[in-house]
Enquirer: 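My questions all concern the structure below.
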Protein chains: 2
Amino acid sequence: MTSAPKTQLTALELVALGLVQQPAHAYELFQHFSPDLPLGMIWHLKQSHLYALLARLEQLGYLAATVEPQGARPPRRVLRLTDAGRATLEAWLAAPVAHGRDMRQEFLAKLYFAAQRGPEAARALVARQEAATREWRADMQAQLDNAAQPYSRLVLRYRLGQIDAILTWLAECAATLV
Amino acid sequence: MTSAPKTQLTALELVALGLVQQPAHAYELFQHFSPDLPLGMIWHLKQSHLYALLARLEQLGYLAATVEPQGARPPRRVLRLTDAGRATLEAWLAAPVAHGRDMRQEFLAKLYFAAQRGPEAARALVARQEAATREWRADMQAQLDNAAQPYSRLVLRYRLGQIDAILTWLAECAATLV
DNA sequence: ACGGCTTTACTCATCGTATGAGTATTCAGC
DNA sequence: GCTGAATACTCATACGATGAGTAAAGCCGT
């Protein structure tokens, strides 16, 4: 009995889809994660990790490969988005992240791709994220108002502080992306 | 050829060691991760996850088990810290976390155990973390001063904002733990 | 008092991701 | 002409996490 195919991709898998918007081979994609490049600031991964991840995306039908022989050098497997891949990518890019903990990698990556498409796309993403984050804030504040134990209050205050810092930063972003 | 035993425990494994300061069986430890209890606010795990993790710690020599039969009910495997386990735990509890991303779970857990030992222990941990965090801040500021690309600056500004929120919160903590 | 549900307590096979290590060729520099 | 880096990909394995299962005991209603 074959197991059900997984439905939800990890953030890193979605980032990979984002990179394949321009068809490319795995080795080329890997360069994007060099520490001095934007995505390399955010994510560190090993070569074999990326290859495995791309193979998975291919097998799931989000990517398709065509082998391009090139004279002597080892042939390249050029990857490109399938329709399913593109649809999944667009849905991901349009949505804000769901948790504060997803800001530091996932949101920054979304913003990277959005910014590539121009300032309007980036501003739209920032605005949507701002709305979502304000909801977290209200939720968190409510929880804090109901929390009695000192330790719980400490934890909730920590989270509230992080959320407020996110809101400040998002406002700054919106202002920067004129 | 037996592979080298792993040296660095994960944060969750260290949290488990913290819980076993009072000898206890796995099922009992699992209750601590109920969503309404302090550690449950911070970490969510499945029962089988905890059992697997404890077995690992036992096999690595950080925990030792003694089976306690109890009349009819299934016998309990009561776990307690070995000397190695206690030493590792103490070292962990004494040290601040190394990255901002480790605050939300690992540091909050350390603080939980430190607070159990009394306000002085908690204050000491907070003070050490404050010192470490101020170093991150200086580092980050320096990177920001050297960063030219707008996207890099955005990323660094995000991190700086989070770090500042941490510092504010730590100061608040210090004030609360009178 | 008895049928069913929850709690206690632990086991185990399996999955899926991540990692290290390896392969083989080409190119650039000295 | 040699060495070392870069190009390009493969593969077995390790390890953490998960679902599902076991099995007896306690509790609750009727």
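In what follows, chains are A, B, ... by sequence order, proteins preceding strands, each numbered from 1.
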Enquirer: Both A:A26 and B:H44 contact DNA chain D. Which one's nearest nucleotide lies toward the 5' end?
Expert: A:A26
Enquirer: Looking across every strand, which nucleic acid part, if any, lies under 4.0 Å from A:E28 by heavy atom: base, sugar-phosphate, or nothing?
Expert: nothing
Enquirer: Would you call A:E58 and A:R77 a salt bridge, taking side-chain N to carboxylate O under 4.0 Å as the test?
Expert: yes
Enquirer: Please tell me if A:K6 has a side-chain N or O lying less than 4.0 Å from either OP1 or OP2 of C:dC15.
Expert: no
Enquirer: Name the closest nucleotide to the B:Q31 side chain, picking from C:dT8, C:dG22, C:dT17.
Expert: C:dT8
Enquirer: Check the distance between C:dA18's C1' and A:L54's CG and give it to me in whole angstrom.
Expert: 14 Å
Enquirer: Rounded off to whole Å, could you give me the CG-to-P distance for the A:L79 and D:dA8 pair?
Expert: 13 Å
Enquirer: Is any side-chain nitrogen or oxygen of B:R56 closer than 4.0 Å to OP1 or OP2 of D:dG16?
Expert: yes
Enquirer: Could you tell me the separation between the CG atom of A:L53 and the P atom of C:dA18, rounded to a whole number of Å?
Expert: 7 Å
Enquirer: Let me know the distance between OH of A:Y51 and P of C:dG22, rounded to the nearest Å.
Expert: 18 Å
Enquirer: When the nearest nucleotide of DNA chain D is assigned to B:A52 and to A:H25 on a heavy-atom basis, which residue is associated with the more 5' position?
Expert: A:H25
Enquirer: Please figure out whether A:L12 or A:Q47 has its closest DNA chain C nucleotide nearer the 5' end.
Expert: A:L12
Enquirer: Report the distance from atom CG of B:L29 to atom P of C:dT8, rounded to the nearest whole Å.
Expert: 14 Å
Enquirer: With a 4.0 Å limit, can you tell me whether B:Y27 has a side-chain N or O closer than that to the phosphate oxygens OP1/OP2 of C:dT8?
Expert: yes
Enquirer: B:L9 has an atom CG; how far is it from atom P of D:dC15, in whole Å?
Expert: 13 Å
Enquirer: Is it the case that A:Q141 and A:D145 place a side-chain donor and acceptor less than 3.5 Å from each other?
Expert: yes
Enquirer: Tell me which nucleotide among D:dT10, C:dT11, D:dA8 gets nearest to the side chain of A:S48.
Expert: D:dT10
Enquirer: If you assign A:T10 and A:K46 each to the DNA chain C nucleotide with the nearest heavy atom, which residue ends up on the more 5' nucleotide?
Expert: A:T10
Enquirer: Tell me the interatomic distance from B:H49, atom NE2, to C:dT14, atom C1', rounded to whole angstroms.
Expert: 16 Å
Enquirer: Tell me: CD of B:Q8 to P of C:dA18, nearest whole Å?
Expert: 20 Å
Enquirer: Going by distance alone, is a donor N or O of one side chain under 3.5 Å from an acceptor N or O of the other, for B:R117 and B:Q21?
Expert: yes
Enquirer: Nearest of C:dC10, D:dG19, D:dC9 to any side-chain atom of A:R76?
Expert: D:dC9
Enquirer: Side chains of B:W92 and B:E106: is there a donor and an acceptor less than 3.5 Å apart?
Expert: yes
Enquirer: Going by the side chain to side chain donor-acceptor pair (under 3.5 Å) test, which pairs reach into residues 149-161 of chain A, not counting sequence neighbours?
Expert: none
